[in-house]
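Since the structure comes first, as structure tokens, the remarks are kept for the end.
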Amino acid sequence: MKPLERISDYLWEIPTSYKPGMRVPARIYATEQLIQEMDEAVADQISNVATLPGITRSALCMPDGHFGYGFPIGGVAAMDIAEGGVISPGGIGFDINCGMRLVVTNLTEKEVKPQIKKIIDKLYERVPAGVGSKGFVKVSRNEFRQVVQEGAKWCINQGYGWDEDLELTEENGCIAGAYASKISDKAIDRGCNQIGTLGSGNHYLEIQVARPENIVNKELAEAFGITIPNQVVVMFHCGSRGFGHQVATDYLQVFLKVMESKYGIHILDRELACAPFNSPEGQDYFAAMKCGLNMSFANRQVILHRIREVFSDVFGRSAEALGMHQVYDVSHNTAKLEEHIVDGKARSLLVHRKGSTRAFGPGMEGIPDRYKPYGQPVILGGSMETGSYLLAGVSTGAQSFFSTAHGSGRTMSRTKARKQWNGEQLQKDMQKQGIYIRTTSWRGLAEEAGGAYKDVDAVVKATELAGLSKRVVRLVPIGNVKG
DNA sequence: ATGTTC
């Protein structure tokens with residue numbers, strides 16, 4: 001039996017009495033149905049998070065939560081840096097700044113559908129996918145150090161994208177305080193040929209349609225650029241590739257060495273390795289992790305450039321003429337220093353979001369001026385078969401440090417999914433459902449079957465009921481490049 | 001997620 005107390009129809013609490021060392025309660029946002037489906041391990045993992053130094057108010061898990069490395073995926077933990085708050089790679093994820101970007105077109109489903117095979121085949125060719133894939137952007141190691149300090153801004157300067165893309169990216173695509181001097185040569189080696197690559201696992205690039213019946217909030221949809229019935233959009237999901245992975249690996253080792261001996265921090269699970277934010281090791285990782293953020297922003301920027309090239313090629317018009325404006329780019333795996341009001345006082349908190357999206361409400365600093373009246377766009381990627389959502393941040397999101405879900409969330413392990421589905425058969429089945437898909441790996445495709453994920457509509461509904469974010473439009477896939 | 005077991 002799970003140690004959960006029901007707070008409301010969409011919120012559950014694990015009291016501090018559940019486990020020795022819990023500093024605050026743990027809370028899971030989910031409907032009863034979603035709680036039933038949730039991994040037993042989530043309650044255990046999120047209550048471990050509640051023992052970490054500096055954790056403020058409560059350790060949170062979003063409705064798409066599932067088992068992860070140390071922290072559950074879907075975890076949110078805000079650490080008070082003035083109270084010995086820690087930074088933990090396990091609370092950010094190995095794939096630093098794994099995230100989503102959404103771009104609109106002025107094309108309709110009717111215009112795109114006849115070309116879908118051509119578009120996807122070209123995208124498959126032009127956006128390298130799969131484990132170990134290399135990008136077309138050739139940079140020296142020193143140039144790559146510049147990339148990880150400048151992020152998407154570096155790409156724009158090189159001609160990969162439009163100036164406006166930056167203002168429509170979280171942190172304007174370049175987070176300050178990223179120092180390449182804090183990065184190992186090994187991480188530089190792994191990352192320097194990976195700019196503009198999709199990766200593998202749950203990373204994908206999808207052509208989607210905004211059908212009129214799926215517009216939930218017309219005003220917000222229009223504000224975010226969804227203005228035409230059956231408008232075609234492109235959504236993609238990828239991260240910092242081997243670079244971010246190496247950064248996380250390097251600093252996990254550092255933290256494991258100093259955590260107990262130097263800082264006297266005792267943890268229940270070594271996967272929660274951490275160091276005080278205000279310590280040399282914590283600050284070094286923070287600066288290195290920001291390089292991971294920037295690598296990922298650069299990666300998505302170059303991929304956007306290639307998507308524009310492909311559409312331009314297929315339709316014989318410029319990307320400008322095709323109206324290929326970016327809606328937004330959001331991170332799913334970060335820790336950010338933010339000011340939040342706790343017990344009536346403004347506090348500096350390091351907000352870890354792992355498989356969770358920042359969802360700032362209307363009027364807040366840090367969201368593009370054009371979206372200020374509406375709230376921050378949130379791009380939530382569902383499974384490749386079912387659909388995804390564009391959401392918006394709301395003022396009641398203060399309860400979760402303005403964080404919401406990031407996707408559907410798995411219901412079963414990759415191993416289990418592989419046993420249940422066959423990649424080649426799944427491709428055929430998806431074709432019958434009107435989704436043309438290309439993949440580098442049949443095995444990888446089987447792992448990502450829609451049936452291995454929770455009901456995205458239920459997850460999104462739960463975030464809306466709880467007041468974490470609200471629905472704008474549901475997007476359905478017609479083509480997919482699966483990493 | 002990941003040069004999918006330094």
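Chain letters run A, B, ... following the sequence lines, proteins first and then strands; every chain starts at 1. Note: hydrogens, waters and symmetry copies are ignored here, and every other heavy atom, side chains too, is used.
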How close or far is atom [atom2] of [N] from atom [atom1] of [X], stated in whole angstroms?
{"X": "His203(A)", "N": "dT2(B)", "atom1": "NE2", "atom2": "P", "value": "5 Å"}
{"X": "Lys134(A)", "N": "dT2(B)", "atom1": "NZ", "atom2": "P", "value": "16 Å"}
{"X": "Met295(A)", "N": "dT2(B)", "atom1": "CE", "atom2": "P", "value": "10 Å"}
{"X": "Glu448(A)", "N": "dT4(B)", "atom1": "CD", "atom2": "P", "value": "18 Å"}
{"X": "Tyr251(A)", "N": "dT2(B)", "atom1": "OH", "atom2": "C1'", "value": "19 Å"}
{"X": "Gln246(A)", "N": "dC6(B)", "atom1": "CD", "atom2": "C1'", "value": "10 Å"}
{"X": "Ile92(A)", "N": "dT2(B)", "atom1": "CD1", "atom2": "P", "value": "17 Å"}
{"X": "Leu252(A)", "N": "dT2(B)", "atom1": "CG", "atom2": "P", "value": "16 Å"}

Problem - Ring center gap for Tyr160(A) and Phe136(A) short of 6.0 angstrom - result: yes

Completion exercise
Between Arg414(A) and Thr249(A), whichever has its closest DNA chain B nucleotide further toward 5' is Arg414(A)

Problem - Lys354(A)/Asp95(A) ion pair, N-O < 4.0 Å - result: no

If you look at every strand shown and take non-hydrogen atoms under 4.0 Å, does [X] touch a base, only sugar-phosphate, or nothing?
{"X": "Lys354(A)", "answer": "nothing"}
{"X": "Gly242(A)", "answer": "sugar-phosphate"}
{"X": "Gly201(A)", "answer": "sugar-phosphate"}
{"X": "Gln194(A)", "answer": "sugar-phosphate"}

Exercise for the section: Would you check if the side chain of Lys182(A) reaches a backbone N or O of Phe286(A) as a donor-acceptor pair within less than 3.5 Å? Expected result: no

Exercise for the section: Look at the side chain of Arg308(A) and the backbone N and O of Met324(A), then say whether any donor-acceptor pair between them is shorter than 3.5 Å. Expected result: yes

Exercise for the section: Ignoring backbone atoms, establish whether Ser200(A) has a side-chain N or O less than 4.0 Å from OP1 or OP2 of dT2(B). Expected result: yes

Handout entry: Sole residue of Met430(A), Glu385(A), Gln431(A) in side chain to side chain contact (heavy atoms under 4.5 Å, CB included) with Ile437(A)
Key = Met430(A)

